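See below for the structure under consideration.
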Amino acid sequence: MRYEVQGDLFELQDVFDNGQCFRWNRNEDGSYNGVFHNISLNVKKSEGKIIFEGIAKLNQKEFESEIVKYFDLERDYESYRDKLSIVDDNLKVATEFGKGLRLLNQDLFETIISYITSANNNIPRIKGIIHKMCEKYGKELEDGTHAFPTIEELSKAEVEDLRALGLGFRDKYIYKTTRYIKENPTFLPSLYNMDTEKCRKALESLEGVGPKVADCILLFSDLKRMDVFPIDVWVRRVMNELYFHTEEVKLSKKEIRNMAELKFGELQGLAQQYLFYWRREKE
DNA sequence: GTCCAGGATCGGA
DNA sequence: TCCGATCATGGA
């Protein structure tokens with residue numbers, strides 16, 4: 001299956017390597033391969049087009065609408081960049097750097113498990129663990145890749161099985177959270193109808209989900225809330241450098257959040273991602 | 001050997 | 001409400 005869109009809708013590297021996703025890998029020819037929703041996809045740029053080629057048990061129309069949704073193609077990121085770039089010179093630089101960035105609408109369960117895995121961990125290792133998790137528990141697709149495990153599939157894993165993937169102390173969190181979601185089938189669907197505050201609290205009731213992970217789930221899944229501000233070491237670092245000019249250990253999350261609200265308002269989640277990506281690539 | 005990574009949880013002040 | 005200790009793992 002194949003689908004083409006205009007080439008200026010996004011840049012591959014800015015989308016896949018900004019830290020929001022863990023299942024996309026760059027090939028030698030500069031294209032990327034990844035899997036979402038039982039779709040195994042290759043994405044490349046050629047002659048001013050973005051070309052999606054993949055394997056999926058869908059008709060053409062469904063295939064296209066899955067891509068439009070996942071890559072958030074209906075949102076106008078150019079207008080977002082315009083709004084943020086006039087905030088100050090910092091955002092002008094960061095949005096220019098990450099010009100081709102988009103926030104994916106990733107599967108909610110996958111995003112929850114992935115970001116529980118991310119706690120006190122680094123991105124290459126997170127990717128490795130999730131890869132192994134998919135290989136072991138996810139359904140194999142026609143081309144030999146694996147889908148992310150469903151709730152049912154992952155709930156078959158025992159704690160020690162999860163530990164064997166390299167999850168460390170996060171094994172219990174994933175075990176308990178998966179079982180809770182399995183035993184409460186209305187939990188995930190109900191999140192879509194909540195305002196952001198309620199939704200965050202509901203997510204934080206899950207084992208292994210604290211404030212930072214909850215914000216990432218809200219921002220990077222198909223819940224897609226922009227009015228959140230995930231704070232990790234990099235965001236703390238960049239916010240300190242740009243807006244506080246003080247010892248970063250002294251800054252409370254409250255202070256950073258208040259500053260983000262003040263500066264970026266309802267687009268603070270997106271602003272956070274431009275800043276994170278810019279600061280991290282600069283290192 | 002130490003330090004670090006898209007932190008959360010727990011117990012105690 | 002807010003601290004500090006603790007929690008696995010692997011790469012630098």
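The model shown is predicted, which means the values in this text are computed figures rather than measured ones. These numbers come from the heavy atoms of this one structure, side chains and all, not from hydrogens, waters or symmetry mates. Residue numbers begin at 1 in each chain, while the letters A, B, ... track the order of the sequences.
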Would you call the rings of A:Tyr277 and A:Phe97 parallel, tilted or perpendicular, taking 30° and 60° as the class edges?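 Tilted: the ring planes of A:Tyr277 and A:Phe97 meet at 30° to 60°.
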Aromatic rings A:Phe52 and A:Phe71: how do their planes relate, parallel, tilted or perpendicular, breaks at 30° and 60°?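 Rings of A:Phe52 and A:Phe71: tilted, as their planes differ by 30° to 60°.
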Distance, rounded to the nearest Å, where [X] contributes [atom1] and [N] contributes [atom2]:
{"X": "A:Glu204", "N": "B:dG7", "atom1": "CD", "atom2": "P", "answer": "15 Å"}
{"X": "A:Ile231", "N": "B:dG7", "atom1": "CD1", "atom2": "C1'", "answer": "12 Å"}
{"X": "A:Asn121", "N": "C:dT6", "atom1": "CG", "atom2": "C1'", "answer": "16 Å"}
{"X": "A:Arg170", "N": "C:dT6", "atom1": "CZ", "atom2": "P", "answer": "18 Å"}
{"X": "A:Arg236", "N": "B:dG6", "atom1": "CZ", "atom2": "C1'", "answer": "13 Å"}
{"X": "A:Asn122", "N": "B:dC3", "atom1": "CG", "atom2": "P", "answer": "17 Å"}
{"X": "A:Phe22", "N": "B:dA5", "atom1": "CZ", "atom2": "P", "answer": "15 Å"}
{"X": "A:Ile129", "N": "C:dA8", "atom1": "CD1", "atom2": "C1'", "answer": "9 Å"}

Check the phosphate of C:dG11 against A:Arg125, side-chain N and O only, distance under 4.0 Å to OP1 or OP2. Yes or no? no
At less than 4.0 Å, is any side-chain N or O atom of A:Arg163 found next to OP1 or OP2 of C:dA8? Yes or no. yes
For the residue pair A:Phe10 and A:Tyr77, is the inter-centroid distance of their aromatic rings smaller than 6.0 Å?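 They do not qualify: ring centres at least 6.0 Å apart.
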Tell me whether A:Glu183 at atom CD has more than 12 heavy atoms from other residues, nucleotides or ligands lying less than 6.0 Å away.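 Yes, CD of A:Glu183 has more than 12 neighbouring heavy atoms, counting only those of other groups under 6.0 Å.
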Stacking check: are the rings of A:Tyr173 and B:dA8 less than 5.5 Å apart at their centres and under 30 degrees in tilt?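 So A:Tyr173 does not count as stacking on the base.
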Contact class for [X] (heavy atom, under 4.0 Å): base, sugar-phosphate, or nothing?
{"X": "A:Phe220", "result": "base"}
{"X": "A:Gln272", "result": "base"}
{"X": "A:Val235", "result": "base"}
{"X": "A:Gly19", "result": "base"}

Taking atom [atom1] in both [N] and [M], what distance in whole Å separates the two?
{"N": "C:dA5", "M": "B:dC4", "atom1": "P", "answer": "16 Å"}
{"N": "C:dG11", "M": "B:dA8", "atom1": "C1'", "answer": "23 Å"}
{"N": "C:dC3", "M": "B:dG6", "atom1": "C1'", "answer": "23 Å"}

Given side-chain contact (heavy atoms from CB on, under 4.5 Å), test A:Lys253 with A:Arg236 step by step and report yes or no. CA-CA 8 Å; A:Lys253 283 198 169 187; A:Arg236 185 180 291 273; 3.7 Å; yes
From OH (A:Tyr115) to CZ (A:Arg170), nearest 0.5 Å: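 Between A:Tyr115 OH and A:Arg170 CZ, I get 14.0 Å after rounding to 0.5 Å.
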Residue met sooner reading DNA chain B from 5', once A:Leu206 and A:Ile123 are mapped to nucleotides: A:Ile123
From C-beta outward on [X], which listed nucleotide comes closest to its side chain: [options]?
{"X": "A:Lys254", "options": "B:dA8, B:dG6, C:dC2", "result": "C:dC2"}
{"X": "A:Lys212", "options": "B:dA5, B:dG6, C:dC7", "result": "B:dG6"}
{"X": "A:Arg280", "options": "C:dC2, B:dA8, B:dG6", "result": "B:dG6"}

